[in-house]
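For reference, the structure is listed below as structure tokens.
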Amino acid sequence: MILAIDPGTQLGFCTEKSSGSVSFARTYSNDRIRAFRDWLSDIVLKEKIKMVVYERPTQGMFQATRIHSHFEAIILLICSYYGLGYMEVSAAEVKKWATGKGNAKKPQMIESCKEKFGITPKDDNECDAIWIYDYATKSGKIEIT
């Protein structure tokens, strides 16, 4: 099983069985990090995850990049702890996969999700996670065991 994650304070996720968006907005960074660690461990165990595929942090707004980097560290720690595979993908790779354009905007990504999968994602974070999952399972760039 693969878990696709669009990391951030408002995090998108997708597995074979479910997808959604989870808020990790907390006053203090440590609370956010602990909450994400607990959520990630829980979903890994409940859904028998074998690989995590996530969008890699990009340069941009300092606070968002910082949070994204913290989450990446937790992803790598959890993958190491449970012996899971992992892969990072760039936002441009996912956007190109979804729309044919590496610089697609959020409305284009959501519209493409509606067209291909017939679903309306809760928000752009869930949409990105759905596309990350699709990329991970169909691009041929990773082996799923």
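Hydrogens, waters and symmetry mates are skipped; everything else that's a heavy atom, side chains included, is used. Note that this is a predicted model, so its numbers are computed, not measured.
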Query raised in the report: Would I110 and F117 show up in the same hydrophobic cluster when neighbours are defined by side-chain heavy atoms closer than 4.5 Å?
Result: no
Query raised in the report: When clusters are formed by joining ILVMFWY residues with side-chain heavy atoms under 4.5 Å apart, either directly or through shared neighbours, do L45 and L77 land in the same one?
Result: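 No, L45 and L77 fall in different hydrophobic clusters.
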**Report entry** Set of residues satisfying side chain to side chain donor-acceptor pair (under 3.5 Å) with respect to S90, sequence neighbours excluded
**Finding:**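 S90 satisfies side chain to side chain donor-acceptor pair (under 3.5 Å) with E93 only.
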Query raised in the report: Going by atom types only, do T15 and E47 share a side-chain donor-acceptor pair under 3.5 Å?
Result: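 There is such a pair (donor and acceptor under 3.5 Å, judged by atom type) between the side chains of T15 and E47.
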Result block: side-chain N/O donor-acceptor pairs under 3.5 angstrom for residues 3-11, not counting sequence neighbours:
from: Q10; atom 1: NE2; to: S21; atom 2: OG; distance (Å): 2.6

Query - From W39, F71, Y54, Y133, residue fulfilling ring-ring contact (aromatic ring centres under 6.0 Å, His included) relative to F13 - result: W39
Query raised in the report: Roughly how far, to the nearest 0.5 Å, is the OH atom of Y86 from the CD1 atom of I2?
Result: 15.5 Å
Query raised in the report: Which value, rounded to the nearest 0.5 Å, describes the distance between L40 atom CG and R37 atom CZ?
Result: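 So the gap between those two atoms works out to 10.5 Å.
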Query raised in the report: Okay, side chain of T137, backbone of D134: is any donor-acceptor separation there less than 3.5 Å?
Result: yes
Requested in this report: Determine yes or no for a side-chain-to-main-chain donor-acceptor pair under 3.5 angstrom, with N125 supplying the side chain and D128 the backbone.
Outcome: no
Query raised in the report: Tell me, do W131 and C14 make a side-chain contact under 4.5 Å, heavy atoms counted?
Result: no
Query - Side-chain touch H70/R32, heavy atoms, less than 4.5 angstrom - result: no
Query - For Y81, side-chain contact (heavy atoms from CB on, under 4.5 Å) partners two or more places apart - result: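 By the side-chain contact (heavy atoms from CB on, under 4.5 Å) rule, Y81 matches no residue at all.
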Query - Heavy-atom closest pair, residues H68 and E55 - result: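 Minimum heavy-atom separation between H68 and E55: NE2-O, 2.7 Å.
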